[in-house]
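Below: one structure, written as structure tokens.
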Amino acid sequence: MLVPKKAKYRKQFRGKLKGTSYLGTRMSFGQYGLISEGTGWVTARQIEAARRSITHYTQRGGRVWIRIFPDKPVTKKPPEVRMGGGKGEVEEFVAPVKRGRMLFEMAGVEKNTAYEALRLASHKLGIKTRIVEREDKL
């Protein structure tokens, strides 16, 4: 799973996820991409499950780029613990995703294979997505 090597602070505030993304919205590497249409947190487990479904369907053909990284720690208190006592321990890492953010990119496979692989990967993520294709050919 994807986890940051180091962090300046162990615990972060939750933050706001308003508006649309202005960074990472264009296709930079591949021919086909998966772009977010919703807003939310994508966990490291979801990213890994989507990556595995893409590589499994393409039979390790082509190339896959993961354009998001889970660098935000999410804390959780244990079950049946009374209020107070400070913030809970870090439970998992998430990638905050706004609308319009490019999540995955693919190249080196046929169009129908790429569309089906990205469709299967989109089911693993907790946000609404759509598949896009590069206009100019590489």
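Side chains included, hydrogens not; waters and symmetry mates left out as well; all remaining heavy atoms used. Numbers here simply count residues along the sequence, with the first being 1. Computed from a prediction, not measured in an experiment: that's the story for all the values here.
Residues Phe104 and Leu125 meet the side-chain proximity criterion, which asks for heavy atoms closer than 4.5 Å. A 4.5 Å side-chain heavy-atom check between Ile66 and Ile47 finds at least one atom pair inside the cut-off. A 4.5 Å side-chain heavy-atom check between Leu103 and Ile127 finds at least one atom pair inside the cut-off.
The CG atom of Leu120 sits 9.0 Å away from the CD1 atom of Ile54 when rounded to the nearest 0.5 Å. Taking OG1 from Thr25 and OH from Tyr22, the interatomic distance works out to 11.0 Å, rounded to the nearest 0.5 Å.
For the pair Gln46 (side chain) and Thr43 (backbone), a donor-acceptor distance under 3.5 Å is present. Although no hydrogens or angles enter the test, the distance criterion places no donor-acceptor pair under 3.5 Å between the side chain of Thr113 and the main chain of Val109.
Partners of Val3 according to the side-chain contact (heavy atoms from CB on, under 4.5 Å) rule, which considers only residues two or more places apart in sequence or in another chain, are Phe93. Shown here are the salt bridge (Lys or Arg N to Asp or Glu O under 4.0 Å) partners of Lys18, two or more places apart in sequence or in another chain: there are none. Here Glu110 pairs with nothing under the side-chain hydrogen bond (donor to acceptor under 3.5 Å, both in side chains) rule; sequence neighbours left out.
Hydrophobic cluster membership for Val81: none, as no Ile, Leu, Val, Met, Phe, Trp or Tyr side chain comes under 4.5 Å of it. Under the 4.5 angstrom side-chain criterion for Ile, Leu, Val, Met, Phe, Trp and Tyr, the cluster partners of Trp41 are Leu17, Val74, Val94. In the hydrophobic clustering, where aliphatic and aromatic side chains (Ile, Leu, Val, Met, Phe, Trp, Tyr) are joined below 4.5 Å either directly or transitively, Ile35 groups with Met27, Met102, Val132. Using a 4.5 Å cut-off between side-chain heavy atoms of Ile, Leu, Val, Met, Phe, Trp and Tyr, Met1 forms no hydrophobic cluster with any other residue.
Of all heavy-atom pairs spanning Ser53 and Ala121, the tightest one is OG-CA, 3.5 Å. Between Pro4 and Pro70 the shortest heavy-atom distance is CD-O, 3.5 Å.
Among residues at least two apart or in separate chains, side-chain hydrogen bond (donor to acceptor under 3.5 Å, both in side chains) pairs with a member in residues 88-102 are Arg10-Glu89. Applying the ring-ring contact (aromatic ring centres under 6.0 Å, His included) test to residues at least two apart or on different chains, the pairs with a partner in residues 65-89 are Phe29-Trp65. Screening residues 48-60 for salt bridge (charged side-chain N to carboxylate O under 4.0 Å, His left out), with sequence neighbours left out, gives Glu48-Arg51. Residue pairs meeting the salt bridge (charged side-chain N to carboxylate O under 4.0 Å, His left out) criterion with at least one member in residues 26-45, sequence neighbours excluded: Glu37-Arg130. Within the structure, the salt bridge (charged side-chain N to carboxylate O under 4.0 Å, His left out) test picks out the following pairs touching residues 64-87 (sequence neighbours left out): Arg67-Glu105.
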- Apply side chain to side chain contact (heavy atoms under 4.5 Å, CB included) to Tyr32 and Lys111, showing your working. CA-CA 8 Å; Tyr32 308 98; Lys111 182 177 180 175; 3.4 Å; yes
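The hydrophobic cluster containing Tyr57 does not contain Ile131, counting ILVMFWY residues as joined when their side-chain heavy atoms lie under 4.5 angstrom apart, directly or transitively.
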